[in-house]
Amino acid sequence: MPYSEAVDSRVLLRRLRDTLAEPGGGQERLDSIVRLIAGGLVADVCSVYLKREEDWLELCATFGLKAEAVHLTRLKVGQGLVGRIADSAEPINTRDAPNTRGFRYMPETGEELFSSFLGVPIQRLGEVLGVLVVQNRDHREYSDDEIYALEVIAMVLAEMAELGAFVGPGAMEIAAQHRLPFFVRGLVGQEGVAEGRVLLHEPQIVVSNPVSDDPAREYARLHAAIERLREEVDEMLAADYLSKAGDHRDVLQAYRMFAHDKGWVRRMEASIESGLAAEVAVEKEQSATRARMSRIADPYIRERLHDLDDLSNRLLRLLAGVDAISGREVPDDAVLVARNIGPAELLDYGRRLKGVVLEEGSVGSHAAIVARALAIPLVIHAERITREAKNGDPILVDGDVGAVHLRPEEGVARAFREKVEMLAGAQQAYAALRDRPATTRDGVTLDLYMNAGLMADLPSLPKCGAAGVGLFRTELQFLIRSTVPKRADLAALYARILDSAGGKPVTFRTLDIGSDKVLPYMKRQDEPNPALGWRAIRVGLDRPGIMRMQVQALLRGAQGRPLRIMFPFVAEAVEFEQGREIIVTEVARERALERPVSTDIKIGAMLETPSLAFASARFFEMVDFVSIGGNDLKQFFFAADRENELVRRRYDALSISYLGFLEGIVARCAAHGTPVSFCGEDAGRPLEALAFAAIGFRQLSMRPASIGPVKALLRQVDLSEARAAIEAARYEAAATARPALEALLGRMGFVV
Ligand code: PEP
Ligand code: MG
């Protein structure tokens, strides 16, 4: 059996563990450890360098170098051999250190006496915490066994650092990772602020005893966990709904491949043989994977390495016997931290979360859609957050600017709380306006509607004082399931939505999928440019089965009540006509079945492509209403991808050209008496809302939280003045009306 051969490192590891268990401060422990390792590996020198600040390594303990150099010798990551090891997360083994590339002479250490050098990173889960070095006087090359032994020791040091073994009362003691404040600026996924405590979606495993006395037992534990892991992957693959091809299946196939990878298993066995606990053996492999991940640019290989990383997490959880946190155990002030999360999982946590921070994600991802629907602040692209955060850590999420403060200093927390209080004060002021109309000083009244996508949104309707739901995105019910929802379930949901709206109008948008919104049970089309591809009404018309079913569910849910339905992404009048024909046919069928059908059904089109603005007059006569989907319309008007961080903020919704284009649409609708509203995100920004009102919009639909700020502003302005400001900007050939409108509000004492 592979673990039966005695390996010296086991004895050394045990001694190390005993030393670490002795009482004493962090420095004392480090001093004993370097002595022990030097003795165990027959080295003249053993030194530990630890990261005391982000980019700096400090000599924290040494046996063999001059004692006065401890806490004096510092190297930047990347500098000298030690810095190179920290940078690359790779060992350096040389018999002639002074003549090795990158060597840097540090006279205070007296290291010129030592020719051979072996250094390995002290790392935990891909995070380099420091460097462990042994040196000898004679010219010798360290053997593979010695390198391996040093790596295993470094692994134990990393685990112990994580447990706080090197923290003590003295000022020069060594702070453990994950105790210092950490700040990261990501991207805004959903605005709002939250203060709470970290809840890791994938809980990390704490290994209290990294060294094992019984390798045979660890070996058996590892193999039992791998067996279970393989079964789990097979079960997932066999699951019915995944039997069709698609992305999920590819990932699972990759999981299966890794789970059966002999090299992976062998390397973990070897770590156990050298005295590590099974969990640490898995983590050692995971560290190596993560170090590779950070060096590889190829997105495909990175994705596969992520798969392997996920698999290691699963294996760790199986070993430790913990499940991923289920939605039921959410503490009161939880801020969820995850690499990524699916819409169904996020919905499971629901409104119990105060905020969400993701390492990945995109503004249009399903998770972002759900966070928006739940009005939970969301920051995406928060680099390294899953590695830095520990369960229960204090965390501040500023979704307005995409900032995250983990373990914040008191001053930061205080400033943050002041901001939260100020916002709460403003919310109270907005609540006082709830039943007042959005009437401007010069007597123009706007109807402010809210956007929604879940039943859970409806309680906001009376709270925010919206005139109704101007856009109900129906795709969430399709995205969060693994199979097509049943017609009866959808009908029941639509009925409850109309019940909750209490007679206020609700505009249902038919399924808007494709592009970034891919249904788990639909074959993914490999499209070169999905945003311009087979999406929304295009899918609905080409595969009318789902559209028909949804229309039936809407008709049945309405139970004879007035109904408003609109089609997303209509580019040509004929698409609207064909969509309307489906509704007309279904209405006739319901009538033939003698089911109650409303006599008041309004059918509209979302104007999200510039082409529809130039449709024939017949279209504007035929359509019952038009709703401008500004998120899409803007991206096509400027040819700037709404998901692409490099360009998505480049063009201004208040640009004179865009406002002129929108004004043309308003005029065309007015000429035919066709009601028009604006329901993209821009409608919820006060300055944009003002500009839209000034160019003639009388209906805006936005997130519930935006209604207060937009109404508060509209009630205090003169639309004619705003119109004049836009006209002046146009006359002066300004690129955008923003400065002119800001100046107008400035004169009125507003800060926007
Ligand atoms: C839009 O495009 O403005 C819109 C409201 O639709 P979505 O954001 O769902 O694409
Ligand atoms: Mg759209």
Side-chain angles (χ1 to χ4, degrees), residues 447 449 470-471 505 507-512 514-515 529 531-544 547-548 550-551 554 563-588 599-639 642 653 655-680 682-683 692-693 695-701 730:
D447 293 324
Y449 293 84
L471 163 66
T507 303
F508 291 96
R509 171 175 82 181
T510 61
L511 193 54
D512 183 0
S515 185
N529 196 339
L532 301 176
W534 195 54
R535 51 175 293 199
I537 194 170
R538 299 172 184 178
V539 180
L541 294 177
D542 294 354
R543 299 264 191 287
M547 171 113 100
R548 274 208 191 96
Q550 192 183 20
V551 168
L554 282 165
L563 187 59
R564 294 170 63 84
I565 304 177
M566 68 180 172
F567 297 111
F569 213 66
V570 178
E572 287 196 314
V574 64
E575 290 171 337
F576 172 75
E577 281 180 80
Q578 288 169 0
R580 195 181 58 163
E581 201 42 50
I582 290 179
I583 297 181
V584 170
T585 308
E586 291 312 318
V587 167
T599 47
D600 181 7
I601 299 177
K602 296 274 187 288
I603 307 174
M606 283 189 79
L607 196 157
E608 304 188 89
T609 60
S611 62
L612 198 64
F614 301 96
S616 67
R618 212 175 92 75
F619 165 73
F620 288 94
E621 281 159 14
M622 183 168 56
V623 70
D624 289 328
F625 61 93
V626 166
S627 184
I628 295 186
N631 305 336
D632 275 312
L633 186 63
K634 194 165 97 186
Q635 79 165 339
F636 297 120
F637 184 77
F638 290 111
R642 64 193 260 191
S655 89
I656 293 296
S657 56
Y658 187 53
L659 287 180
F661 177 58
L662 293 176
E663 215 171 357
I665 300 170
V666 173
R668 290 207 71 189
C669 289
H672 300 280
T674 310
V676 59
S677 70
F678 190 108
C679 69
D682 286 324
F692 296 162
I695 61 170
F697 283 97
R698 295 295 172 260
Q699 293 179 5
L700 302 175
S701 192
R730 192 175 277 153

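Every heavy atom of this structure was used, including side-chain atoms; hydrogens, water molecules and symmetry mates were not. Residue numbers start at 1 and run along the sequence shown.
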message: So His672 and Val626, do their side chains get closer than 4.5 Å, heavy atoms only?
response: no
query: Gln550 and Arg509: which non-hydrogen atoms are nearest, and at how many Å?
result: NE2-O, 4.3 Å
field: Side-chain touch Cys679/Ser627, heavy atoms, less than 4.5 angstrom
entry: yes
query: Hey, what do you get for OH (Tyr449) to OG1 (Thr507), rounding to the nearest 0.5 Å?
result: 7.5 Å
query: For the residue pair Arg538 and Ala571, what are the closest heavy atoms and their distance?
result: NH2-CB, 4.2 Å
field: Side chain proximity check, Ile603 to Phe567, heavy atoms < 4.5 angstrom
entry: yes
field: All salt bridge (Lys or Arg N to Asp or Glu O under 4.0 Å) counterparts of Glu572, not counting sequence neighbours
entry: none
message: Give me the atom names and distance for the closest heavy-atom approach of Thr510 to Pro568.
response: OG1-CD, 3.1 Å
- request: Applying salt bridge (Lys or Arg N to Asp or Glu O under 4.0 Å), run through Glu663 and Arg730 and close with a yes or a no.
  value: CA-CA 13 Å; Glu663 215 171 357; Arg730 192 175 277 153; 2.9 Å; yes
task: Could you tell me the separation between the NZ atom of Lys634 and the CD1 atom of Ile628, rounded to the nearest 0.5 Å?
output: 13.5 Å
- prompt: So, the side chain of Arg548 versus the backbone of Glu586: is there a donor-acceptor pair under 3.5 Å, distance only?
  reply: no
- request: Taking side chain to side chain donor-acceptor pair (under 3.5 Å) as the test, write out the residues that go with Asp600, two or more places apart.
  value: Lys602
query: Between atom CG of Asp542 and atom CD1 of Ile537, what is the distance when rounded to the nearest 0.5 Å?
result: 10.0 Å
field: Heavy-atom side-chain contact between Arg535 and Asp512 under 4.5 Å
entry: yes
statement: Rounded to the nearest 0.5 Å, the SG atom of Cys669 sits from the CZ atom of Phe697 at a distance of 8.0 Å
query: Taking C-beta and beyond as the side chain, do Pro610 and Leu633 meet within less than 4.5 Å on heavy atoms?
result: yes
query: Is the closest side-chain heavy-atom distance between Leu612 and Met606 below 4.5 Å?
result: no
field: Distance (rounded to the nearest 0.5 Å) between Leu541 CG and Ile582 CD1
entry: 5.5 Å
query: For Leu471 and Met566, what are the C-alpha separation, side-chain angles and deciding distance, and is it a side-chain contact (heavy atoms from CB on, under 4.5 Å)?
result: CA-CA 9 Å; Leu471 163 66; Met566 68 180 172; 3.5 Å; yes
field: Working for ring-ring contact (aromatic ring centres under 6.0 Å, His included), residues Phe569 and Phe636
entry: CA-CA 11 Å; Phe569 213 66; Phe636 297 120; 5.7 Å; yes
task: Give the minimum heavy-atom separation between Phe619 and Ala573, together with the two atoms involved.
output: CB-CB, 3.8 Å
statement: For Leu659 and Ile695 the tightest heavy-atom approach is O-CD1, 3.8 Å
message: Please check: side-chain N/O of Arg698 versus main-chain N/O of Ala693, any donor-acceptor pairing under 3.5 Å?
response: yes
- request: Enter the distance from Phe625:CZ to Ile565:CD1 here, rounded to the nearest 0.5 Å.
  value: 8.5 Å
query: What is the minimum heavy-atom distance between Ala531 and Gln635, and which atoms define it?
result: CB-NE2, 4.2 Å
